[in-house]
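Within every chain, numbering begins at 1; the chains are lettered A, B, ... in the order of the sequence lines, protein sequences first and strands thereafter. Remember, it's a predicted structure, so these values are computed and weren't measured experimentally. As a basis for the values below, the full set of heavy atoms in this structure was taken, side chains included, without hydrogen atoms, waters or symmetry mates.
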Amino acid sequence: MKPAPFEYLRATSVSEALEFLQHDDAKIIAGGQSLVPMMNFRLAQPERLVDINAIAELTEISEDGADIVIGSLVRHAEAMRSPLLARRLPVIAEAMRHVAHLAIRNRGTVGGSLVHADPSAEWPLLVALLNGEIIVEGPEERRYLAAEEFFIAPLVTDIGEDEILTAVRFPEPPSGAGMAFDEVARRAGDFAMAASGALVQVEGGVIRDLRVALGGVGDGPVRASALEEELTGKPVDAVSVADIAELACEGLEPMTDLHASAEYRLHLVPVLVGRVLETALARAAGGRA
Amino acid sequence: MNDLPRKPLGPDADALASARPKYVGKAVQRLEDPRLLTGAGRYTADIRADRMVHAAFLRSEQAHARIKSIDCEAARGLPGVTGVYTAADFAGIPVIKAPSRMRDYRATSCTVLASEKVRYVGEPVAVVIARDRYIAEDALALIEVDWEPLDVAADPESAAYDGAPLLHDELGTNILFERVFETGEPDDAMAQAPHRVSGRFRMHRKSPLAIEPRSYVAEPDRANDGLTLYGSTQIPGILRDILSGLLDLPGSRIRVVAPDVGGGFGGKGSLYPEEIAVCALARRLGRTVKWVSDRSEDLASTSQGFDEIIEAELGFDDDGALIALKGRVTGDIGAYSIYPWTAALEPVQVVSFLPGPYRIPHYRGEVKGVATPKPPTGPYRGVGRPASVFVTERLIDMAAAHLGIDPAGMRRKNLVAEDEFPYRIGSGIVWDRSGFAECLDEACSRIGYEGLRKLQREARAAGRWYGIGIATYAELTGIGSRISVAPGMPINTGTETASIRVDSTGAVTATFAVASHGQSLETTLAQIVAEELGVRPEDVRIVQGDSGATSHGTGTYASRSAVLGGGAAIVTSRVLRDKIKRVASHLLEAAVEDIETGNGRVFVAGTDKSVTFAEVAHAVYSDMRALPAEARENLEASESYDPVTGTTTTATHIATVRIDPETLAVSIDRYLVAEDCGRMINPLVVDGQVHGGVAQGVGAALLEELSYDETGQLLTGSLADYTVPTAAEVPPIEVFHLETELPGNPGGFRGMGEGGTIGAPAAIANAISDALSPLGVGVTELPVTPERLFRLVSEARNKTDTEK
Ligand SMILES: Cc1cc2nc3c(=O)[nH]c(=O)nc-3n(C[C@H](O)[C@H](O)[C@H](O)COP(=O)(O)OP(=O)(O)OC[C@H]3O[C@@H](n4cnc5c(N)ncnc54)[C@H](O)[C@@H]3O)c2cc1C
């Protein structure tokens, strides 16, 4: 379990990293929590590693007008502890508690998680839920990608070999929105067999904005659009969560693996969706008590 | 009469007690911990030597295939590579066979590296020696093997049929052994029993998974044409003996040392091809060779545990009294019969222990072991008993449910009672008196069993799933020579020897052939020697795990070291203490009978006359004027101890679980153990062993499974997929102790290293089944993964839907 030989370069700026990436077989290393195991198993054998950990500009969590911007090098543990995120997007900390274990959260990064694109990972689900925009810098241009553009297949994204993910930008959530996240994993810290996040805005007793995102049940993060359509515009009092949660399964084709069959994942989806919807509604201003 | 306390006659009892402190039974802090916790421990991977080279093994990617050719040229040409070796390079080493006297047993032939064909994914095929492990692994990638895949029968039932693809052609069958144990008239008794319950149970394959993977360093001694093997092993003595034959070296020129070892659980208790390979290559190259297994290799090549299909039936009367038990066990033993234990070890013990601690007049246990293209199974903590206890305890609960009797009451009624000991169960095992019913009662009263049943009724009324599971078991530990000779193994595991000496400075060194790998033997054996000799535990240096220090001894496994090592410590210390007393009687000019030892001093009881151990030693070894020549006895003793049969250990485990009816997530709410291991040497150590054992039992019950697909490929090749319990999955464990006396045994110690793992799978399976009982389903397969639970519950729900 030793990696194949590789060359190691350490970049101190985005432009330097882009320069180092001008090579046939180079790979960025951020927290190393997914890449290093792949290299040790020799599933990944990059000839060159470009270490981006010394690029200070990628480490910030900041506000840009009403938007919230999270640099790609922000560690899961930092996102979990951030007072800014706790105030503006508390669902992020709620989800981070489910990511791996302390040591891995201290190293693993937002950008690494998004580019690694495990279908069960929490960050991709959060980007889908919160309408985030993934910012990718390349030698020629900067691109802004929504979740449905960025995530292509399990472990496959739209990012090019010569590009670097610099940040993810979240728009201000609808005012008074309630949010919630929950998942089922085999053990504490394992990748989820199914995960769900919800965001709901209620005005005058009516659901104005509703988003439900799912993880672990598709090629990447999935939005439960049938359910969202069904509920948006409905009076809260007329909604029985238990009755509609099944709608979240519409169009899903989850995978079967060692830990969970497609049937079990499909069984979990309405359960989780029901739970996060209830919690989000309870948290929304003017939602259910 | 006056109330004044009377002065005791003779020496003051309190004063004597404080001059002669007791250590056995005290919660002495572990003496090895300062070393291990400050990083001063020395594990095999820490060992470095001048000009040392590193080994990496090319392992089979095929489950069953002929090796047409192996091309090593490119690998040999890689800079930094010393050599690449295949089976032909080890042709001088005899084939390894694990013999047995058992009828109908067929030993397999195993070579250091696979020659001609491979029989499991992970079997070593070639070995690279290189300057470092990185280069060695680079070279592995350059070796090309031309395979001719052969047919595969990966599950033991299909491999047992006539016409199944044969793993070992020369044996003519994949069935490596068959045995039957019978008492009474099981068929008639079962047929006539008023009630019967039965099931087909499955205990899946598990990895021992020690935190330190297997590691070996072989150091040639060129000056003496000898060799030292440092290895993470539980059995240095057994290895020394077999390697002596395989390498054709007398025992005086080959030494096997187990330095600090990070757990074994049985996985480091057998002979491995890698051990032979590094030794042979170190001799061939004249250089130290190191191999440290990585986690994937450890999962794919360390001996594996369990893996049985068990069909069993229990017959009982209207009152719940057990009448007859029948069990048929098919063991999937993997590709080879492991040395020295043989493939029979695990499955045979399942039928040996199936009757459990219960009075069952009629019994038949049939067992067969079938070779399949998977790594060999071997000893794993609990050996056979986790599976047998799972089955029997499930059947007891099923019987109780059938009659509407409480499961605790059902057990109480059938446990062997105090006046029935010694009791011979249907398989022939004899239980000596041990607190069977006492542990059950203690566990029930400590956990508040009646209250839990009330809690359960309330939970059910509120739609919550809550279950209570009991497991009561007995096991045979500290096995002596009469039982250990039975299988006809080439080794003697039934005795242990201690050699204890006081050197010329007065320091005490006690040498054993046990090999502690987490059992705290450096503490517990020191407590015993200290108490018997009259010094403090920290003054006793324990030497163990080094075959060079002893004439014979096998190591640490099978809950034997406290019983056998502890017994040897007592008998040897007593001989040495008498020598010390005799010498001191000259120095103190007192009668031997009046002399006592304690706190490192030798004194005349009831007086202030004393000498230190150092003074006694000085008189014997250095001051040739101090003693008459005939009184100079070397302060050394070496004695053996043999418990002849063994000791019975018992416990009751109670688990309570909550199951989320929607997600089917299982959480263990409470876990309680009441155990009887006789006289405890150190309650901290006993608690630690129970905690660790239960944690592994939680793994066996809920999480851990080595999955192989129908082609024999390992699906759980890393810890991402082979899921072990973490701190979050292991509940707090409450432990209570009973200490039933064991007459005729010097220390009164019973073995207890495995019990946690034996009771936990059954208790948890029963708790889950109890929680699910309103659905009419129960657990028959372990581990109960979320997926299995989902299928179980879905079937039950579908059934009730169609019945509606
Ligand atoms: C035991 C364990 C459990 C885990 N459990 C979870 C879990 O429950 N949920 C979860 O979400 N994750 C989990 N992870 C993964 C963890 O979150 C990783 O941190 C994450 O997937 C990758 O982040 P990283 O910074 O370590 O990336 P790295 O490993 O450094 O890189 C991963 C990939 O992303 C690329 N990359 C990294 N940064 C950039 C960038 N800025 N631009 C372009 N490409 C980039 C790399 O080239 C590589 O291909 C677990 C990991 C382990 C080891």
Pick whichever of A:S261, A:P270, A:G189 has the most heavy-atom pairs under 4.5 Å with chain B.
A:S261
Which bit of [X] is near chain B, if near means a heavy-atom gap under 4.5 Å: side chain, backbone, both or neither?
X      : result
A:P3   : both
A:D257 : neither
A:F191 : neither

Enclosure of [X] [atom1] (heavy-atom neighbours >12, cutoff 6.0 Å):
X      : atom1 : answer
A:R42  : CZ    : yes
B:I211 : CD1   : no
B:Y134 : OH    : no
A:E161 : CD    : no
A:E253 : CD    : no

Looking only at non-hydrogen atoms, find the nearest pair between [X] and [Y] and report the distance.
X      : Y      : value
A:A4   : B:D138 : CA-OD1, 4.0 Å
B:L702 : A:R186 : O-NH2, 3.5 Å
B:T663 : A:Y264 : O-OH, 2.7 Å
B:E137 : A:K2   : OE1-N, 2.7 Å

Any side-chain heavy-atom pair from B:P725 and A:R187 closer than 4.5 angstrom?
no
Interface moiety of [X] toward chain A, non-hydrogen atoms closer than 4.5 Å:
X      : answer
B:L719 : backbone
B:A727 : neither
B:V724 : both
B:R295 : both
B:E729 : side chain

For the atom pair OG (B:S794) and NE2 (A:H267), what is the distance rounded to the nearest 0.5 Å?
7.0 Å
Okay, side chain of A:H259, backbone of B:E787: is any donor-acceptor separation there less than 3.5 Å?
no
Residue, of B:T785, B:L664, B:D721, that accumulates the most heavy atom pairs under 4.5 Å with chain A:
B:D721
